[in-house]
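Reading through the structure tokens given below for one structure.
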There are 2 protein chains.
Amino acid sequence: MDDWLKYSEEVEASWVTVDLAIFTLRDDQLMVLLIERGVEPFLGRPALPGGYVQKGETLRAGALRELWEEAGIDASRLHLEQLGAYGEPRRDPRGRVVTIAYLALGPDLPAPVGGTDAERAYWFPVSQLHKQSYELAFDHADILSDALEEVRRKLEYTAVATAFCGKSFTLTELRTVYEVVWGQHLDPSNFRRKVIKTAGFVQPTGEQRLPPTGRPAALYRRGEAWLLSPPLLRGGGQSA
Amino acid sequence: MDDWLKYSEEVEASWVTVDLAIFTLRDDQLMVLLIERGVEPFLGRPALPGGYVQKGETLRAGALRELWEEAGIDASRLHLEQLGAYGEPRRDPRGRVVTIAYLALGPDLPAPVGGTDAERAYWFPVSQLHKQSYELAFDHADILSDALEEVRRKLEYTAVATAFCGKSFTLTELRTVYEVVWGQHLDPSNFRRKVIKTAGFVQPTGEQRLPPTGRPAALYRRGEAWLLSPPLLRGGGQSA
DNA sequence: CCCCTAAAGGTCATATTGACTTAAACAAGG
DNA sequence: CCTTGTTTAAGTCAATATGACCTTTAGGGG
């Protein structure tokens with residue numbers, strides 16, 4: 001640690017945290033997990049779940065642990081990817097805190113339970129975020145906004161939409177993911193055609209599922225491909 | 001800082017650094033800026049430029065400052081975007097150091113000059129990186145690999161290729177960027193057609209440039225669009 | 001058996017792509 | 001001042017993909 005000395009005036013120790021923007025679909029709405037902060041600063045304010053990275057812990061492991069501690073969610077089944085680092089000097093009143101934001105997606109997840117630092121945890125509809133009175137703690141509004149944009153873009157050129165579905169799913173369910181996340185209607189027929197001919201996106205399980213009414217739907221599971229080529233572009237309001 | 005106390009056993013102070021993967025094109029080769037480390041650890045080994053973030057400094061400002069200090073490059077004209085955070089517990093032998101990696105792109109840049117912590121700085125051809133004997137310090141090989149993949153993907157759906165060109169450029173120059181970065185030949189005619197009809201990608205300046213021989217080429221500048229729709233996909237080896 | 005519903009599959013005009021050809025604009029050389 | 005070489009620019013065309021529809025199929029319930 002010798003060569004740190006000459007920086008003693010300019011370099012400072014930092015604390016590193018992880019924050020999670022975790023999304024799921026509940027009754028055809030895109031929901032994000034928020035907590036009500038149980039400690040200062042921003043006590044009582046809504047925030048993304050997160051907390052300090054611990055000794056010897058990878059960033060990813062820290063994200064998984066915080067999700068479990070603050071909301072009782074086992075993220076091992078989730079899609080989890082890093083979003084980026086947020087390190088504005090004054091983003092945390094307690095000192096220099098750099099946070100690594102993670103993006104998580106999962107199928108219809110259980111109601112979360114509050115944890116140690118979180119008074120309570122709950123699913124909140126993304127569509128209601130703009131409502132005044134909903135000011136998130138720290139710079140979490142920025143993080144959440146970036147996370148949303150990332151999800152919407154990733155639906156286009158990766159198979160990440162399947163992370164919102166169960167192990168097997170119908171094409172209608174998959175299309176609903178796109179419709180809800182993009183907030184636009186897609187033509188069922190054209191959507192089916194594109195998805196099926198996109199190599200490695202989905203593969204039929206051979207089984208079926210009965211809808212409440214109507215013809216049985218074939219079930220699919222994720223294919224091997226992660227990157228979609230060609231991608232499913234959301235053009236300007238079209239239908240597939 | 002009160003609530004940090006209860007974590008005293010598990011939470012540790014960290015040092016935050018920035019590292020830069022900066023690319024440019026020099027005589028039709030993709031080059032990355034490397035430095036030879038002038039201090040321990042990894043003294044004498046090649047590495048990405050980078051260093052500690054200072055007090056009150058944003059991460060981005062730290063990246064710009066390090067680039068100037070270690071290679072004498074003024075990055076204010078460059079395209080600079082965050083790549084992600086790398087925080088494996090043992091990635092730095094000196095202790096817990098989390099680095100925020102930045103990706104920078106610029107037009108044919110001047111030969112860099114060595115700085116304080118860098119014995120020397122130099123442009124290195126990306127194509128030569130796999131060569132054994134070229135083992136970068138820390139986890140910089142991972143960062144560089146991620147940066148390369150990011151550049152290649154971003155060429156597809158953003159106008160970032162223009163960052164490799166000067167203020168005005170010919171379509172042949174722009175095409176060369178794609179060809180060098182993707183390592184694949186593109187049909188000049190089809191490339192022209194796509195670029196021109198992609199709204200907001202480029203706009204003609206009205207001026208021309210005389211090539212060493214042949215018909216004058218029209219000059220273009222960047223358009224207003226950042227996201228390309230439709231994107232320029234690199235399919236499977238085709239021509240536009 | 002008939003009706004309702006949702007899935008699955010088909011049609012068709014238009015737009016886009018990839019491969020290729022042709023025309024245009026300069027410099028140099030005889 | 002006409003020819004040649006070279007590079008940019010523009011055009012052709014068959015194959016494919018897309019967007020907007022329509023039709024058929026396979027259930028359940030009355």
Side-chain angles (χ1 to χ4, degrees), chain A residues 28 155-157 165-166 168-180 182 184-221 228-240, chain B residues 28 155-157 165 168-179 182 184-221 228-240:
Chain A
D28 288 359
L155 281 199
E156 292 191 309
Y157 58 91
C165 302
S168 67
F169 48 85
T170 68
L171 291 184
T172 299
E173 286 174 343
L174 187 64
R175 177 170 47 85
T176 301
V177 171
Y178 279 89
E179 292 182 329
V180 168
W182 285 351
Q184 95 183 199
H185 172 75
L186 299 179
D187 181 274
S189 195
N190 295 339
F191 180 82
R192 162 186 313 278
R193 179 176 59 190
K194 265 220 98 177
V195 167
I196 289 191
K197 80 157 40 169
T198 299
F201 192 175
V202 298
Q203 58 185 178
T205 67
E207 311 202 320
Q208 295 191 328
R209 175 181 301 167
L210 290 186
T213 170
R215 176 174 175 172
L219 286 175
Y220 295 81
R221 68 170 68 91
L228 304 181
S229 66
L232 273 80
L233 302 173
R234 61 191 201 276
Q238 299 92 321
S239 313
Chain B
D28 288 359
L155 281 198
E156 292 190 309
Y157 58 89
C165 302
S168 67
F169 48 86
T170 69
L171 291 185
T172 299
E173 285 174 343
L174 188 64
R175 178 169 48 84
T176 302
V177 171
Y178 278 88
E179 292 181 328
W182 285 350
Q184 95 185 199
H185 172 76
L186 300 179
D187 182 275
S189 195
N190 294 339
F191 180 82
R192 162 186 313 278
R193 179 176 61 188
K194 265 221 98 175
V195 167
I196 289 191
K197 79 157 40 170
T198 299
F201 191 174
V202 298
Q203 57 185 180
T205 67
E207 311 202 321
Q208 293 190 330
R209 174 181 302 167
L210 289 186
T213 169
R215 175 174 173 171
L219 286 174
Y220 295 81
R221 68 171 69 89
L228 304 182
S229 66
L232 272 80
L233 302 173
R234 62 191 200 276
Q238 300 92 321
S239 314

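Just so you know, these numbers use all the heavy atoms, side chains as well, and skip hydrogens, waters and symmetry mates. The chains referred to below are lettered A, B, ... by the order of the sequence lines, with proteins before strands, and numbering in each begins at 1.
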(message) For B:Gln203, is the CD atom crowded, meaning more than 12 foreign heavy atoms sit under 6.0 Å from it?
(response) yes

(message) Rounded at 0.5 Å granularity, tell me how far CG in A:Leu219 sits from CD in A:Glu173.
(response) 7.5 Å

(request) Round to the nearest Å and state the distance from B:Lys197 atom NZ to D:dG11 atom P. (result) 13 Å

(request) Find the distance A:Arg175:CZ to C:dA8:P and express it as a whole number of Å. (result) 10 Å

(message) Check the phosphate of C:dT17 against B:Lys194, side-chain N and O only, distance under 4.0 Å to OP1 or OP2. Yes or no?
(response) yes

(message) Tell me if a side-chain donor or acceptor on A:Thr205 pairs with a main-chain N or O of A:Arg221 at a distance below 3.5 Å.
(response) no

(message) Using a 3.5 Å distance criterion without hydrogens, assess whether the side chain of A:Tyr220 forms a donor-acceptor pair with backbone atoms of A:Leu171.
(response) no

(request) Map A:Ser189 and B:Tyr220 onto DNA chain D by nearest heavy atom, then report which one ends up closer to the 5' terminus. (result) B:Tyr220

(message) How many whole angstroms separate atom CZ of B:Arg192 from atom C1' of C:dA19?
(response) 17 Å

(request) In whole angstrom, give the distance that lies between atom CG of A:Leu233 and atom P of C:dA15. (result) 18 Å

(message) Between C1' on C:dT21 and CG on B:Asp187, what's the gap in Å once rounded to a whole number?
(response) 11 Å

(request) Please state how far atom CZ in B:Arg215 lies from atom C1' in D:dT7, giving the value in whole angstrom units. (result) 9 Å

(request) Tell me what A:Thr170 touches on the nucleic acid: a base, only sugar-phosphate, or nothing, going by heavy atoms under 4.0 Å. (result) nothing

(request) Rounded off to whole Å, could you give me the CG-to-C1' distance for the A:Leu210 and D:dA26 pair? (result) 10 Å

(request) Please say whether more than 12 non-hydrogen atoms of neighbouring residues, nucleotides or ligands are located less than 6.0 Å from CD in A:Gln208. (result) yes

(message) Could you tell me how far apart B:Arg193 (CZ) and C:dT17 (P) are, to the nearest whole angstrom?
(response) 7 Å

(request) Report yes if at least one side-chain N or O of B:Thr172 is closer than 4.0 Å to OP1 or OP2 of D:dT8; otherwise report no. (result) yes

(request) When you get a sec, tell me which of D:dG27, D:dC21, D:dT8 is the closest nucleotide to the side chain of A:Gln208? (result) D:dG27

(request) Tell me which of A:Thr213 and B:Pro230 sits closer to the 5' end of DNA chain C, going by the nucleotide each one is nearest to. (result) A:Thr213

